[in-house]
Q: 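Before I ask anything, here is the structure I am working with.
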Amino acid sequence: MVSEVEPANAGVNNVREYDAVVIGAGFAGLYMLHRLRNLGLKVRAFEAGSGPGGTWYWNRYPGARCDVVSMEYSYQFSSELQQEWEWSERYATQPEILRYVNHVADRFDLRRDIQFNTKLLAAHYDEASSRWDLQLNSGEAVSARFCVMATGCLSSANLPRIPGLESFTGVTYHTGHWPHEGVDFTDKTVGLIGTGSSAIQSIPLIAQQARHLTIFQRTASYSIPARNAPLEPTFVREIKQHYDEYRANNWRQPFGVDFRQNETPALKVSDEVRTAEYEARWQEGKLGFLAAFGDILIDKSANETAAEFIREKIRAIVQDPGVAAKLLPRQIVGCKRLCLDTGYYETFNRANVSLVEVSASPITAVTPLGLRSEEQDYEFECLVFATGFDAMTGALDKIDIRGSAGQRLKDKWAAGPRTYLGLASAGFPNLFTISGPGSPSVLSNMLPTIEQHVNWITDCIAYVLAQGAREIDATVPAEDEWVEHVNQVAHTTLYPNCSSWYLGANIPGKARIFMPYIGVPPYVEKCSQVAAKGYAGFAISR
Ligand code: N01
């Protein structure tokens, strides 16, 4: 078996050697580099983009903004950084988040150890040396003892394979790979496929510029008004004075965000009380709408009360009853990610916007002038794909990762990703994933849980080195038990009940397995216990 596998750096001279490499320089990669460097290791990070930022570097579409409030969506490892950085809005825009990322890269002098414009093509584990051999798209070869994948959960764009795509004579865009110089849609006719978060944020702004915007909707989404506003200095001062308590409180919340979780069941209160609670949360403008009652994500009848409240709002906002009817979502609210918007439903009252339901009449082809559905042809000059990502596994799948005995990660994960804690996968020693499948990741406030992963990995590597050990690898029984547990927890909720990217259902042929772990506090507790027990569930070899 081993002899069949070509080392990733075979035939290349001048292999650069590191103690650790970090793949990606988004929020996860930057902090990982910082921690490993402070451990005294020789570390190098490789990043495909020309600058740091990961998802915030690539997703530059109009209206791109975080859906977690900025005072929470920020690093907490440095109290000085936390105190000195000033967010300007309740929900930060992509340009502001990118400025923050660049500030962090400069403040902690990280750039000197990052190689930009560089993609990892292959990573092969050499059992004889217990090192990872890496092949980069620059032609360079690198060897490292530890390899940390900070490749992001939503970084591999999903471009649907619609026949005729190359024949389109206009310009195409994907929200996840937006041109850095921006796009001026003034006076253009535009077609846009998708109605997820990226579409819901960009549609109102594109509609303000375009001569006509045609939106192709396969599944109507639930969205809550963001009620974004400039941050009040007194509010910021108050949080900064008590930032540690604020963060500590968030760590106790199910999703690691302050959603004011109410444990009362939705059907245990009167209709008036229930509607008043939904109304208060609709006015508040946070994803915490779903925390209004304790059973919204557990019980279908409870869920329907929240779903119907949002449908009622849509009927009230959208003036044309026919268009409103098309915009009414029918699936369980929350089992696809809830969206936050600024004027999304209102945009359908504009004369220059039309909505096409592709669920009723699927898109069959891209034509030179636009799109063809089963019923008719549509023409436009620009075509925007707001079609999402091959989430959680897509970025790793694109790299030829081979562990012990030449096993490919892609093959191992063919029936769904298998990890221990979302941090490691058995048979891939000394390789860690930040926000990997099987960890809370996308069902948490990403920044804190990234930090939790980075801190755990740093402590783990320090432990392995202190033991004078050669390698650390998740054991198969521990991994099997964890995968089973992730699945069991998911099935106590309504999350697996619709065709979401959490399940891989948006990618044709992808295994349908619920990927994120639900529950930040028990997850953090489990990781701490594993570490306290000398990395229980891992095999450490000398
Ligand atoms: O992607 P999505 P996204 N024909 O997968 C449709 C985060 N995020 O980029 O639902 C026709 O949600 C697809 O239809 P359907 C956030 O976690 C955060 O919008 O599969 N339609 C869907 O409508 C979010 O959840 C923020 O039936 C097709 C859309 O395209 C995640 O990223 C902002 C199609 C894709 O929606 C992904 O969001 C943006 C086809 N062949 C993103 N293929 C904030 O922080 C796909 N679709 C606010």
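Order of listing sets the numbers, starting from 1, for every ligand and every atom in it. Along the sequence shown, residues are numbered consecutively beginning with 1.
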Q: So, Glu72 and Arg247, do they make that salt bridge, N to O below 4.0 Å?
A: no

Q: Could you say whether the N/O atoms of Trp501 and ligand 1 ever approach to under 3.5 Å?
A: yes

Q: For atom 19 (O) of ligand 1, what's the nearest protein heavy-atom neighbour? Residue, atom name and distance, please.
A: Ser198 N, 2.8 Å

Q: Find all atoms of ligand 1 within a distance of less than 4.0 Å from any non-hydrogen atom belonging to Leu154, and give their numbers and elements.
A: 7 (C), 17 (O), 31 (C), 32 (O)

Q: I need the atoms of ligand 1 closer than 4.0 Å to a non-hydrogen atom of Lys336, numbered in the order shown.
A: 10 (O), 15 (P), 20 (O), 27 (O)

Q: Strictly below 4.0 Å, N to O, side chains only: are Arg337 and Asp67 in salt-bridge contact?
A: yes

Q: Tell me whether Trp87 contacts the main-chain N or O of Ser70 through its side chain, where contact means a donor paired with an acceptor under 3.5 Å.
A: yes

Q: Regarding Arg65 and Glu96, does a basic nitrogen lie under 4.0 Å from an acidic carboxylate oxygen?
A: no

Q: Is Phe216 close enough to touch ligand 1? Criterion: a residue heavy atom under 4.0 Å from a ligand atom.
A: no

Q: Please identify which atoms of ligand 1 are closer than 4.0 Å to at least one heavy atom of Gly194.
A: 6 (C), 23 (O), 29 (C), 30 (O)

Q: Which ligand 1 atoms does Pro160 reach within 4.0 Å, using its non-hydrogen atoms?
A: 41 (N), 43 (N)

Q: Given 3.5 Å as the limit, does a donor-acceptor pair link the side chain of Thr118 with the main chain of Phe116, or not?
A: yes

Q: For the residue pair Trp282 and Phe309, does the interplanar ring angle fall in the parallel (under 30°), tilted (30 to 60°) or perpendicular (over 60°) class?
A: perpendicular

Q: Just do the ring-ring contact (aromatic ring centres under 6.0 Å, His included) check on Tyr57 and His180 with the steps written out, would you?
A: CA-CA 9 Å; Tyr57 171 91; His180 288 200; 5.0 Å; yes

Q: Starting from atom 27 (O) of ligand 1, find the nearest protein heavy-atom neighbour and note its residue, name and distance.
A: Thr219 OG1, 2.5 Å

Q: Among all protein non-hydrogen atoms, which one is nearest to atom 36 (O) of ligand 1, and what is the separation to 0.1 Å?
A: Gly196 CA, 3.6 Å

Q: At less than 4.0 angstrom from any non-hydrogen atom of Thr195, what atoms of ligand 1 do you find?
A: 22 (C), 23 (O), 29 (C)

Q: Can you tell me the protein heavy atom closest to atom 11 (C) of ligand 1 and the distance?
A: Ile193 CG2, 3.5 Å

Q: Which one of Gln201, Arg218, Arg65 has a non-hydrogen atom at the shortest distance from atom 43 (N) of ligand 1?
A: Arg218

Q: Report the relative orientation of the aromatic rings in Tyr495 and Phe514; use parallel for angles under 30°, tilted for 30 to 60°, perpendicular for over 60°.
A: tilted

Q: Counting heavy atoms only, name the option from Ala157, Gly176, Ser197 that's nearest to atom 8 (N) of ligand 1.
A: Ser197

Q: Suppose I only count heavy atoms of Cys66 and a 4.0 Å limit; which atoms of ligand 1 are within that range?
A: 45 (O)

Q: Any atoms of ligand 1 less than 4.0 Å from a non-hydrogen atom of Tyr61? List them with their elements.
A: 33 (C), 39 (C)

Q: Can you sort out which atoms of ligand 1 are near Arg337, meaning under 4.0 Å from one of its heavy atoms?
A: 16 (C), 17 (O), 24 (C), 25 (O)

Q: Under 4.0 Å, heavy-atom basis, I'd like to know which part of Ala386 is in contact with ligand 1: side chain, backbone, both or neither.
A: backbone

Q: Examine distances only and state if a side-chain atom of His453 and a backbone atom of Ile434 form a donor-acceptor pair shorter than 3.5 Å.
A: no

Q: Could you check if a side-chain atom of Met149 sits within less than 4.5 angstrom of a side-chain atom of Ile401, using non-hydrogen atoms only?
A: yes

Q: Could you tell me if the ring centre of Tyr173 sits under 6.0 Å from that of Trp178?
A: yes

Q: Identify, for atom 1 (O) of ligand 1, the protein heavy atom at the shortest distance, and state residue, atom and that distance.
A: Gly388 CA, 3.1 Å

